[in-house]
Amino acid sequence: AYSVTESDTLAELRAAALARREAEGRIEAAALAAHRAGLSWGVIGAQLGMTRQGARQRFERLVDH
């Protein structure tokens, strides 16, 4: 059985995981919008603290070819 403290801790863990999924979705949408607006993978990557290649590898799958 879980104590109240453990239950609160697990609820916080679930909330943090949900927030991360939502944030990842926002990042993907923003990166795609930036690319569609003509920004390079280098510029997008710089805003996210990653390399051009890292941004391209992570987000290129979202781009309609």
Side-chain angles (χ1 to χ4, degrees):
Y2 295 107
S3 70
V4 172
T5 301
E6 289 170 332
S7 179
D8 291 347
T9 301
L10 293 175
E12 178 59 24
L13 186 59
R14 286 189 304 273
L18 176 60
R20 181 177 66 184
R21 287 190 299 273
E22 290 171 346
E24 289 295 331
R26 287 181 63 198
I27 289 169
E28 286 185 355
L32 181 57
H35 189 264
R36 285 181 176 160
L39 296 174
S40 69
W41 291 123
V43 170
I44 294 166
Q47 296 303 303
L48 296 172
M50 60 176 46
T51 65
R52 173 200 59 79
Q53 183 177 359
R56 184 184 57 76
Q57 288 176 344
R58 179 171 175 189
F59 301 114
E60 190 173 43
R61 67 180 170 75
L62 303 173
V63 177
D64 296 329
H65 293 283

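- Looking at residues two or more places apart in sequence or on another chain, you find a salt bridge (charged side-chain N to carboxylate O under 4.0 Å, His left out) between Glu24 and Arg58.
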Verify side chain to side chain contact (heavy atoms under 4.5 Å, CB included) between Leu18 and Glu22, making sure each step is shown before the conclusion.
-> CA-CA 6 Å; Leu18 176 60; Glu22 290 171 346; 3.7 Å; yes

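- For the salt bridge (Lys or Arg N to Asp or Glu O under 4.0 Å) condition, the pairs that include at least one residue of residues 30-43, sequence neighbours left out, are Arg36-Asp64.
- Here Thr9 contributes atom OG1 and Arg14 contributes atom CZ; the two are 10.5 Å apart, rounded to the nearest 0.5 Å.
- Every residue was checked against the side chain to side chain donor-acceptor pair (under 3.5 Å) condition with Gln57, not counting sequence neighbours, and none meets it.
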For residues 39-48, which side-chain donor-acceptor pairs fall under 3.5 Å, sequence neighbours excluded?
unit_1 : atom_1 : unit_2 : atom_2 : d
Ser40  : OG     : Gly42  : N      : 3.4
Ser40  : OG     : Val43  : N      : 3.1

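- Taken to the nearest 0.5 Å, the CZ atom of Arg56 stands 12.5 Å off from the CE atom of Met50.
- Applying the salt bridge (Lys or Arg N to Asp or Glu O under 4.0 Å) rule to pairs touching residues 45-54 yields nothing, sequence neighbours excluded.
- Residues satisfying the side-chain contact (heavy atoms from CB on, under 4.5 Å) test with Arg26, not counting sequence neighbours, are none.
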